[in-house]
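Everything on this sheet refers to the single structure shown next.
In what follows, chains are A, B, ... by sequence order, proteins preceding strands, each numbered from 1.
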Amino acid sequence: MSECLKYLPMLTARDGELSPMERAGLEAHLGACHACRARLAEERLLSGLVGEAMQAEASRRDFSGFSDAVLGRIDQRPWLVRSLGRLWPWGQPSPVRAWAGIAVPVLAAVALVVYLGLGSIFSERYQPGEVEVSSEGHDMTVIQTDDGPVVIWGDLEQPEGT
Amino acid sequence: MICRIVAAAALAASLFASLPAAAAPPVPVRIRIIKGARDGAASFDSQLADLRKQLERLSYVRWDQTGVENHDMSTGKPIDVKLPDGTPLTVTLVEAATGTVTFELKVPAQKTHSRLTISKDQRIVHQVTEEKGGSAYFVTVHPWP
């Protein structure tokens, strides 16, 4: 009986856990002890039942939608929206906020250009000295001077001696 | 949704850009009516000293200022000026850009129409009536006098 108590813990040992001497002793005891062989058979049966039960439990879970769920969590929005969204400091990124992120600096740039007066340069249509005259009843003559144009009706009139 | 946002942003930008233009400061303009005469002793109104170089190019020997008006002109808004003989004259600021300004002068009674662009430091001298008895009226337009 004291032999049985000695080898009882070894019945549930896994492969490699026992030294060769212990394994040899256990096998010799099992060859001679019917009770320990019965106990070993019972342990093996129980271990097999637990494994099967765990397998069955795992099989009951439905993993059919697992891959779809993982893919669904991947951000599929356009790259620009996704990138700008990351820059947005408040809350979750959204297309509205992303486009607002574009519009705000553009508006700021336009305002800056207008306030600096650059807009008038781009919109300048006339150049200094540009003159356009028309008359149904008179000949029009334009004299250009450094101080500005002189428009008279009729032919150019020069002071005598000039 | 995105198209609506882009359209809204473009609209906002155009409105925003147009606001300062609409609120652009008016251009101060001095409009003078002057009379040139061929006959009589040569004389030059001292008020017309800044126009001497331009007026000396003409064969009139006597120059007098007969009227002056100061206006703050906005682009596209015409100013009506009454000439001494009752003839109406319309002066319109067509464009005021950086360093240049464009005016339009119309004498409807004479069916004349001029558009002249000058730099900021120049002046326009323009005949506006026919010569009668050796004298004629001119108008001068001086921005930022």
Side-chain angles (χ1 to χ4, degrees), chain A residues 78 80-81 94-104 106-111 113-162, chain B residues 1-2 5-6 8-10 12-14 16-21 24 38 50-61 94-102 104-105 107 109-131 136 138 140-142:
Chain A
L80 180 61
V81 174
S94 70
V96 175
R97 287 172 177 166
W99 284 111
I102 296 173
V104 167
V106 167
L107 285 175
V110 169
V113 166
V114 170
Y115 276 106
L116 288 176
L118 299 178
S120 59
I121 294 173
F122 298 130
S123 65
E124 198 167 340
R125 291 178 294 163
Y126 305 104
Q127 297 299 318
E130 197 172 316
V131 176
E132 180 185 308
V133 293
S134 66
S135 175
E136 289 187 12
H138 307 276
D139 292 330
M140 306 275 276
T141 302
V142 179
I143 307 166
Q144 288 287 3
T145 73
D146 291 342
D147 289 349
V150 179
V151 182
I152 55 173
W153 296 354
D155 296 332
L156 177 63
E157 300 183 42
Q158 294 277 2
E160 286 181 14
T162 61
Chain B
M1 181 67 178
I2 288 174
I5 293 166
V6 172
S14 60
F16 195 74
S18 67
L19 282 177
R38 295 180 189 274
D50 60 317
L51 300 169
R52 182 178 285 273
K53 279 187 181 175
Q54 285 167 284
L55 298 179
E56 279 180 349
R57 298 291 301 271
L58 306 179
S59 57
Y60 298 91
V61 295
V94 177
E95 183 182 88
T98 310
T100 66
V101 61
T102 301
E104 196 171 72
L105 282 79
V107 185
Q110 302 291 339
K111 296 180 179 176
T112 62
H113 171 209
S114 305
R115 180 182 292 145
L116 306 103
T117 301
I118 57 175
S119 57
K120 208 171 179 178
D121 57 343
Q122 291 184 318
R123 295 156 293 273
I124 295 169
V125 176
H126 198 298
Q127 185 174 349
V128 287
T129 66
E130 284 187 280
E131 184 177 320
F138 293 74
T140 73
V141 181
H142 188 182

Calculate, to the nearest 0.5 Å, the distance between atoms [atom1] and [atom2] belonging to [X] and [Y] respectively.
{"X": "I118(B)", "Y": "T102(B)", "atom1": "CD1", "atom2": "OG1", "value": "8.5 Å"}
{"X": "F138(B)", "Y": "H126(B)", "atom1": "CZ", "atom2": "NE2", "value": "10.0 Å"}
{"X": "E95(B)", "Y": "R115(B)", "atom1": "CD", "atom2": "CZ", "value": "10.0 Å"}

Toward chain A, the part of [X] with a non-hydrogen atom under 4.5 Å:
{"X": "T129(B)", "answer": "backbone"}
{"X": "V128(B)", "answer": "backbone"}
{"X": "E104(B)", "answer": "neither"}

Could you point out which residue of T117(B), T140(B), L116(B) forms a side-chain contact (heavy atoms from CB on, under 4.5 Å) with I124(B)? L116(B)
Please rank V150(A), V104(A), T145(A) by heavy-atom pairs under 4.5 Å with chain B and give me the top one. V150(A)
Heavy-atom pairs under 4.5 Å with chain A, option from K53(B), K120(B), E130(B) with the top count: E130(B)
SB check D50(B) R123(B) (cutoff 4.0 Å): yes
